[in-house]
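In what follows, a single structure is set out as structure tokens and then discussed.
All of these numbers come straight from a predicted model, not from anything done at the bench. Here is the naming used below: chain letters follow the sequence lines, and residue numbers restart at 1 for every chain.
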Amino acid sequence: KEGKLQEASKLLNEMLKKGYNPNVITYNTLMDGLCKEGHLNEARKLFYEMPNKNVCLNVVTFNVFIDGLCKEGKLDEARKLFYEMPNKNIRPDIVTYSTFIDGLSKEGQWQEATKVIHEMLDKGYTPDVITYTVLVDGLCKEGKLEVARKLLCEMPKHNICPSIITYNAFIDGLCKEGQLQDATVVLHEMLDKGYTPNVITYNAIIDGLCKEGQLQEATKMLHEMLDKGYTPNVITYNAFIDGLCKEGKLQQALGLLDVMVQTGHQPD
RNA sequence: CCUGACCUU
């Protein structure tokens, strides 16, 4: 989690040499780190080496690797693994389903995603807040805002509380469709229900406003954010700078770049 | 002791 994968890999080799037996958790932990640092090939090597070292793969091994593959755009390989799991006597769990459905929806494979969702429900798995969020986000990005809204509203009926991330996904969807007034309505619904928005909530709205050319409104939002004690991040500034550039306000954009640097935010 | 969801270009 500190990104020191070389050191971690060295330790694994040392363990093997000294005759300690790494277990499935050792391998899963390392594979996850490797995937997240973009060393998918190294992770794959471990995945196929585990049986030779007499370590049994478990559902987390598959979950980690399927997620890594999806995030690197290797959906075909992820799919193969997903469908192979039953042959290895490993049942996909709710994490496997959410991970794979997220991967499919991010690649626009909505047909297959729907099939997998039905399989999941047929097998009696109960979607959790993350499964719902994956779906809300995917639907929003497909422009199916009303379906997403319906799902969001149904969650409490199934005793699942939307999280801040669920709301953020929906608010972002509304903003991207230009439904900014609705986005602020949802924001206030959130506040009424006692949720605390975060920088991502504000960024989604600021970006939406900037893209609509409502820069003065966006500025107001930024100040609301600051007043409430939230710190803008590099994405906040980027969204703003992009909005200013697209409105031809290059002087202001450059000015904001200065503010950014002076407030200790590293431009990327 | 390990795994899944949200924001800019």
Side-chain angles (χ1 to χ4, degrees), chain A residues 1 8 12 22-36 43 46-47 50 55 57-71 78 81-82 90 92-106 120 125 127-141 148 151-152 155 160 162-176 183 186-187 190 195 197-211 218 221 225 230 232-246 253 256-257 260 265 267-268:
Chain A
K1 289 195 170 61
L12 175 64
N23 64 13
V24 62
I25 295 180
T26 323
Y27 275 96
N28 291 349
T29 305
L30 196 48
M31 279 181 62
D32 186 48
L34 288 166
C35 287
K36 292 197 165 57
L46 292 182
F47 183 80
M50 288 171 68
V55 179
L57 314 188
N58 65 14
V59 65
V60 177
T61 319
F62 276 87
N63 292 348
V64 163
F65 195 32
I66 288 173
D67 184 54
L69 288 165
C70 287
K71 293 204 166 45
L81 286 174
F82 177 78
I90 297 169
D93 62 10
I94 191 62
V95 175
T96 324
Y97 281 107
S98 302
T99 303
F100 188 45
I101 292 165
D102 187 45
L104 288 168
S105 103
K106 285 189 167 58
M120 175 185 80
Y125 290 96
D128 64 13
V129 59
I130 297 186
T131 321
Y132 273 97
T133 304
V134 163
L135 296 176
V136 167
D137 183 50
L139 288 163
C140 283
K141 291 193 165 65
L151 257 191
L152 180 62
M155 292 176 65
I160 296 164
S163 70
I164 174 75
I165 299 183
T166 323
Y167 275 104
N168 286 348
F170 186 54
I171 287 174
D172 179 59
L174 290 168
C175 289
K176 289 207 165 47
V186 176
L187 174 65
M190 252 179 80
Y195 288 89
N198 60 20
V199 64
I200 295 183
T201 323
Y202 282 102
N203 286 351
I205 296 175
I206 287 172
D207 180 58
L209 289 166
C210 286
K211 288 209 166 48
M221 261 296 176
M225 195 177 159
Y230 296 103
N233 62 17
V234 63
I235 295 183
T236 323
Y237 285 102
N238 288 349
F240 241 110
I241 289 172
D242 183 56
L244 288 164
C245 287
K246 295 210 160 86
L256 200 52
L257 178 64
M260 214 178 148
H265 296 272
D268 62 8

Mind calculating the distance between [atom1] ([X]) and [atom2] ([N]) to the nearest angstrom?
{"X": "A:Ile160", "N": "B:A5", "atom1": "CD1", "atom2": "C1'", "result": "13 Å"}
{"X": "A:Asp207", "N": "B:U9", "atom1": "CG", "atom2": "C1'", "result": "10 Å"}
{"X": "A:Asp128", "N": "B:G4", "atom1": "CG", "atom2": "C1'", "result": "8 Å"}
{"X": "A:Asn198", "N": "B:C6", "atom1": "CG", "atom2": "P", "result": "13 Å"}
{"X": "A:Ile241", "N": "B:U9", "atom1": "CD1", "atom2": "C1'", "result": "11 Å"}
{"X": "A:Leu152", "N": "B:A5", "atom1": "CG", "atom2": "C1'", "result": "13 Å"}
{"X": "A:Lys36", "N": "B:C2", "atom1": "NZ", "atom2": "P", "result": "12 Å"}
{"X": "A:Tyr125", "N": "B:G4", "atom1": "OH", "atom2": "P", "result": "18 Å"}

To the side chain of [X], which of [options] is closest?
{"X": "A:Val60", "options": "B:A5, B:C2, B:C6", "result": "B:C2"}
{"X": "A:Ala239", "options": "B:C6, B:U8, B:C2", "result": "B:U8"}
{"X": "A:Ser163", "options": "B:A5, B:C6, B:U8", "result": "B:A5"}
{"X": "A:Ile200", "options": "B:G4, B:C6, B:U8", "result": "B:C6"}
{"X": "A:Asn28", "options": "B:C2, B:U8, B:C6", "result": "B:C2"}
{"X": "A:Thr29", "options": "B:U3, B:A5, B:C2", "result": "B:C2"}
{"X": "A:Val95", "options": "B:C2, B:U3, B:A5", "result": "B:U3"}
{"X": "A:Asp172", "options": "B:C1, B:G4, B:C6", "result": "B:C6"}
{"X": "A:Val64", "options": "B:U3, B:C7, B:A5", "result": "B:U3"}

Take A:Ile90 and A:Asn58 through the test side chain to side chain contact (heavy atoms under 4.5 Å, CB included) and record every step on the way to the result.
CA-CA 7 Å; A:Ile90 297 169; A:Asn58 65 14; 5.6 Å; no

Are A:Phe62 and A:Phe82, when compared by the centres of their aromatic rings, separated by less than 6.0 Å?
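Ring centres of A:Phe82 and A:Phe62 not closer than 6.0 Å.
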
Taking the six-membered ring for Trp, are A:Tyr27 and A:Phe65 closer than 6.0 Å centroid to centroid?
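No; A:Phe65 has its ring centre 6.0 Å or more from that of A:Tyr27.
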
Supply the atom-to-atom distance A:Leu34 CG to A:Thr29 OG1, rounded to the nearest 0.5 angstrom.
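So the gap between those two atoms works out to 11.0 Å.
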
How is [X] classified with respect to the nucleic acid when contacts are heavy atoms under 4.0 Å: base, sugar-phosphate, or nothing?
{"X": "A:Thr133", "result": "base"}
{"X": "A:Asp268", "result": "nothing"}
{"X": "A:Ser98", "result": "base"}
{"X": "A:Thr201", "result": "nothing"}

Heavy-atom side-chain contact between A:Tyr132 and A:Pro162 under 4.5 Å
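A side-chain contact is absent here, since even the closest heavy-atom pair is not under 4.5 Å.
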
Knowing that exactly one of A:Ile94, A:Asp102, A:Val95, A:Thr99 qualifies, which makes a side-chain contact (heavy atoms from CB on, under 4.5 Å) with A:Thr131?
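Result: among A:Ile94, A:Asp102, A:Val95, A:Thr99, A:Ile94 is the only option passing the side-chain contact (heavy atoms from CB on, under 4.5 Å) with A:Thr131.
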
Strictly below 4.0 Å: does A:Lys176 bring a side-chain N or O up to OP1 or OP2 of B:U8?
yes

Verify the contact: side-chain N or O of A:Lys71 to OP1 or OP2 of B:U3, cut-off strictly under 4.0 Å; return yes or no.
no

